[in-house]
2 protein chains.
Amino acid sequence: MTSDASANLNRPLTLRDVSEASGVSEMTVSRVLRNRGDVSEKTRDKVLEAAKTLGYVPNKIAGALASQRVNLVAVIVPSLGNLVFPEVLSGITEVLDETELQPVYGVTNYEPEREEKVLYDMLSWRPAGLILAGLEHTDASRAMLRSAGIPIVEIMDSDGTPVDAMVGISHRRAGRHMAQAIVEAGYRKIGFLGTKMPLDHRARKRFEGFTEALAKEGLEVADQEFYEGGSSIMKGREMTQALLTRSPDLDFLYYSNDMVGAGGLLYCLDQDIDVPGQIGLAGFNGLRLLEGLPKTLATMDACRADIGREAAQIIARHAGHPSAEAERHVLKPTLALGDTLKRGPRRR
Amino acid sequence: MTSDASANLNRPLTLRDVSEASGVSEMTVSRVLRNRGDVSEKTRDKVLEAAKTLGYVPNKIAGALASQRVNLVAVIVPSLGNLVFPEVLSGITEVLDETELQPVYGVTNYEPEREEKVLYDMLSWRPAGLILAGLEHTDASRAMLRSAGIPIVEIMDSDGTPVDAMVGISHRRAGRHMAQAIVEAGYRKIGFLGTKMPLDHRARKRFEGFTEALAKEGLEVADQEFYEGGSSIMKGREMTQALLTRSPDLDFLYYSNDMVGAGGLLYCLDQDIDVPGQIGLAGFNGLRLLEGLPKTLATMDACRADIGREAAQIIARHAGHPSAEAERHVLKPTLALGDTLKRGPRRR
DNA sequence: ATGAAAGCGCTAACAC
DNA sequence: GTGTTAGCGCTTTCAT
């Protein structure tokens, strides 16, 4: 194996090694490896040959320090266990793949202090741009964001003031919108089931928008149930059972996400409850994963991949450049009534 | 805001800025910021005060170049859309959080050339260790791995030869094991439903082990159906319908993962098929997410979080140290019969 | 088309 | 306990 040449060296190879092996100056080797400047066909071949034979991998640390340019885009999300975020990431990747930029992911577990640490650690690598979920950050985080000197896009949410750019939906509006559809369909005794959400600001805002819109109609949430930990079908079942046992007269159940909503749906069907006649159901997210259940849950698409794509495009446009005006994109989620929410008499 | 002091500078702050602001040498500032060496209480306070006021974020690029140490652990997985991988990542994070090390994630989309590129890009940042899924890599990738000079752990699979350390399960054995349970339960006309798997080596190996064990019993897969793209309940439904329409006499359906298996289960229940009497079903992965379906699908736990944790522990032990003997851990997945696979007469 | 010198921002090693 | 010097592995700039 040719690459064993390096394995025996017991230290990472440097440009100098390639330079000596090819009989070409370090500078020219560097030019060849980066496709910069004019290099004769002949030297180029010699260099590439040598680099390949040795198994040379450039040291980006040194390169970044010298050139003051880093092609990394830091991406910070609360979780990967919630399918929503991987979908956003794939939108980001899709766009950045067309550029020189490369995403690097960090996860906060919805903890502000953890976000602060992850942010600090990522910024210390001087990325070319930063994408992070949400508009709520600690003061220290916000200070770092402001003085980072790179394009920053806050995503997923538009209810608040971003530090720089923003791409998201209004979760308050989404909650309101769903409440209106529910009321228009004629439901009146409405229950809510969701996560304990002190830290999930988007779920909280949906809930706030929801209750607010109900209030406008002279209604309020008749009963509610909260859970901790990850979302699952089982959680949805258990919560629904608990809620309906306590408040058997509810005629609608609004879930903070599709996964628990699916559990609720299965529970209702098990109990031979007429859905959406006796009880209507709705979730949030538009998880395609769940299509194929006995009935299609009413839900609202959160525009995940679009958000990722647009955020990445903003970074790609602004990275390295003197940042112009901050872009703010508010996307509009689509309501899907599915089979679990009666169509109302009025149209919206 | 104090941090605006830096915002006005329009260039990233350096150690020198903190040094000047605090009247302490760069070296001592460096010591304070890294908690290294003895520094008097008084100077320490002065430095921290200045650093905080300015909003200084150390430049790890320069630090890493000077110290020749990077605290990053590169983690490369095929996908984030398959819940399995986020679970592995959380196992990794859990362990690395206790150390100075920090995971950085890359995604390959199951494409070998993409893995090669991601690997190259990540290695060029000279991480302290590397964790990657699978044992199958291009020659170039393998060459990079061999000469990287850092601890490397290949995870999720144990059917093959790792470059260095390895933590995984035998998917061949998992497939065999499931086949045996199925045959022992008395099923004979067995169908298989899975991804087109030229690139998903683990799914392929499960299938190979499965057919191999059937062959030992004088059986073979009676019919099969393959799909492309992501797994979903709907896919499982559609495939199951197609397969059962074509081969109505099948008495068992083995799915390459739980998500499509769940779709198959729902389809069978819709059709009033007696499960597991008339037809038995099984999937793979032990996705807790799906608990709560009308019946619990027979499945096999892939030890995801354990794999992540053990891999991270290996990295933590070996990072920086002269690598001792390569560790090889083969975990044993647990078979869960659930409600969709009859218990056989013999015990295993 | 190629090379030499300087230096990116930090830390190791050694003075004091 | 603190400061000084050298240099990490590249790229920039300027010379040839």
Protein-nucleotide distance ([X], atom [atom1]; [N], atom [atom2]), rounded to Å:
X       : N      : atom1 : atom2 : result
A:Arg11 : D:dG9  : CZ    : C1'   : 11 Å
A:Asp17 : D:dC8  : CG    : P     : 13 Å
A:Arg36 : C:dT2  : CZ    : C1'   : 17 Å
B:Met27 : D:dG7  : CE    : C1'   : 13 Å
B:Asp38 : C:dC16 : CG    : C1'   : 16 Å
B:Leu15 : D:dG3  : CG    : C1'   : 13 Å
B:Leu13 : C:dC8  : CG    : P     : 16 Å

Minimum-distance nucleotide (side-chain atoms of [X] versus [options]):
X       : options               : value
A:Ser30 : D:dT2, D:dG3, D:dT11  : D:dT11
A:Thr28 : D:dC8, C:dT11, C:dT2  : C:dT2
B:Thr14 : D:dC10, C:dC10, D:dG1 : C:dC10

Using a cut-off of strictly less than 4.0 Å, decide whether [X] has a side-chain nitrogen or oxygen near OP1 or OP2 of [N].
X       : N      : value
B:Ser25 : D:dT2  : no
B:Arg34 : C:dT11 : yes
A:Ser67 : D:dT11 : no
A:Gln68 : C:dG9  : yes
B:Tyr56 : C:dG9  : no

Need one value for [X]: base, sugar-phosphate or nothing, where a base atom within 4.0 Å counts as base even if backbone is also close, heavy atoms only.
X       : value
B:Arg69 : sugar-phosphate
A:Asn59 : sugar-phosphate
B:Arg31 : base

For the pair [X] (side chain) and [Y] (backbone), establish whether a donor and an acceptor sit closer than 3.5 Å, ignoring hydrogens and angles.
X        : Y        : result
B:Asn71  : B:Gln102 : no
B:Asp121 : B:Val118 : no
A:Ser19  : A:Leu15  : no
A:Arg126 : A:Leu65  : no

Taking the basic N atoms (NZ, or NE/NH1/NH2) and the acidic carboxylate oxygens, is any pair closer than 4.0 Å for A:Arg44 and A:Asp38?
no
- Query: Which residue, B:Leu65 or B:Glu26, contacts DNA chain D at a nucleotide closer to its 5' end, judged by nearest heavy atom?
  - Reply: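 Upstream on the strand: B:Glu26.
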